[in-house]
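Accompanying notes for the structure given below.
Predicted, not measured: the structure shown is a model, and the values here were computed from it. We use all heavy atoms of the structure for the numbers below, so side chains are in, but hydrogens, waters and symmetry mates are not. Note that the numbering runs from 1 along the sequence shown for the chain.
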Amino acid sequence: AVPRELREKEFARLAQELLEVNPNCILLCGNDPLQAFMGHRGIGQWRGSILRANHIAPNVKVIPAQHPAAFIRGLWKWLPVFRYIDIPRAIEESREAGLVEPKRNAITGPSFRGAMDYLAFLRSRGIVTVDIETSGDEISCVGLGASKDEALCIPFTRSGFHHYWNEEEEAEIWLEIASLLQDPFIQLVAQNAAFEWLFFWKQGIYPRNLYVDTMTLHHCLYPDFGGTQDPWGKKKRSGDEPGHSLAFINSQYTRTPYYKEDGRLWKPEFGDTKFWQYNAMDVMVTHDVMEQMVEEAKEKGLWDYYREYYVRPFHHALRMEWVGVKINLDLRAKARVELMETAQELQADINRTLGFPLNVNSPKQMNKLLYETKGYQVRHNPKTGRPTADKNALRYFADKKGDTLLEDVVKLREILDLVGDIIDQKLGPEGRMHTHFKLGGTDGQRWSSAESILGSGTNLQNIPREGIARKLF
């Protein structure tokens, strides 16, 4: 680490140089410059935002960007973002010192009459954008808007899960929301629409006409930026790819700075207003980027393709998730007993052969077994460059060395994976297995699947062909 005295001395020197140069805009490449000028890190979130510096050169415009070294170290998919978004933005902002952010009018804390009048107003618009925020399994507020400049947040709960409306008012508002979303003449827009739609379905509301899901439209335009996300799932995006989150799309198409932490970091002591503003901001930004991406898709000749291969199958994929797959519960219970008995036998044999207990799912213990105990030549993860003892490495050494112990380890891990990924997965209340089908879930048009938005199930596209797994369904 750089000594504090030296760091402060260099910061003072830099501040003096910037005072003399008097730049209109500074490009901050990487986390260290971001920390120095803004007082926080998080380059992956803040890159592309047009900000005013807090330190060193207060009030000078700055634009964070990925450090070019990151592209050499594996983040090569971020290079086009740097080249075609962040650099041109910095050049544009360098032409003048002023900073102009989009005007966003978030209407929060409405009266009953105000909410009903706004819903009636939206009925006269052709395209309506919707966004929800949830607490557990319940919708805590619904954001609605028909322009990039204004949106209304209709809350249903306050801090502490207190109701915002009385019973009669809430019933009327829900009926009006249902009527709006089910209107055959209203085209609907959302970011990750599957999430909103399923929560509305649980309320007995069935949104009718999906016009654009900005997440999947962005994937259609930029499929090599990675697969579409499922924020409710256990597996999180690594950051190697730009992805299709609203935070990233916002940084690509608008001048609104990164704001997504405003909702995630919300605490009761902050009050409800900040949370509601966050919801309304999502609506306005989603509407803004929708308008731009629709034009881009038409210019690139992709609009008809998007409507045919993303929008048209949307409700079919959602209905498959909602209904789920029937599973033989008796066979499932019997299979679990038999598999765990086999697993215990394999674990006992492995421990006996080694003379000590081995956790076959511990990367640390498996690396030590392969490269210290057995002395095999180290194999490395192609992405991280670090030593790996993943299933491919285990299979490689088991086959090449004729290592029967590793054969048992591979079998044990396969059984434990099967039990954890399929047998023990939570079922829906009706006893069926659900899965979320992600349109554009890969680098390309192919779908993928994962845990359901409904809070149960698993990926049903990778069920082993051999053994008991497929006989359960």
### Message
What I want to check is whether the side chains of N250 and Y259 have a donor and an acceptor closer together than 3.5 Å.
### Response
no

| message | Please report whether the ring centroid of H218 lies less than 6.0 Å from that of Y222. | response | yes

Does K326, at its NZ atom, have more than 12 non-hydrogen atoms belonging to other residues, nucleotides or ligands within less than 6.0 Å?
no

Original post:
Can you find a side-chain donor-acceptor pair between N192 and E196 that sits under 3.5 Å?
Top reply: no

Between F82 and C29 the two heavy atoms that sit nearest each other are CE1-SG, 4.2 Å

Using ring centroids (six-membered ring only for Trp), state whether W46 and Y258 fall under 6.0 Å. yes

Ring centres under 6.0 Å, that's the criterion: do Y376 and Y371 meet it? no

- Query: In terms of heavy-atom contacts, does NE2 of H55 have more than 12 from other residues, nucleotides or ligands at under 6.0 Å?
  - Reply: yes

Sub-6.0 Å ring centroid separation between Y206 and W197 = no

(Q) Could you check, using the six-membered ring where one of them is a Trp, whether F199 and F195 have ring centers closer than 6.0 angstrom? (A) yes

What do you reckon, are the aromatic ring centroids of Y309 and W447 less than 6.0 Å apart? no

Verify the neighbour count for atom CD of E430: are there more than 12 heavy atoms of other residues, nucleotides or ligands below 6.0 Å? yes

#### Entry: Centroid-centroid distance, W322 to H434, less than 6.0 Å
no

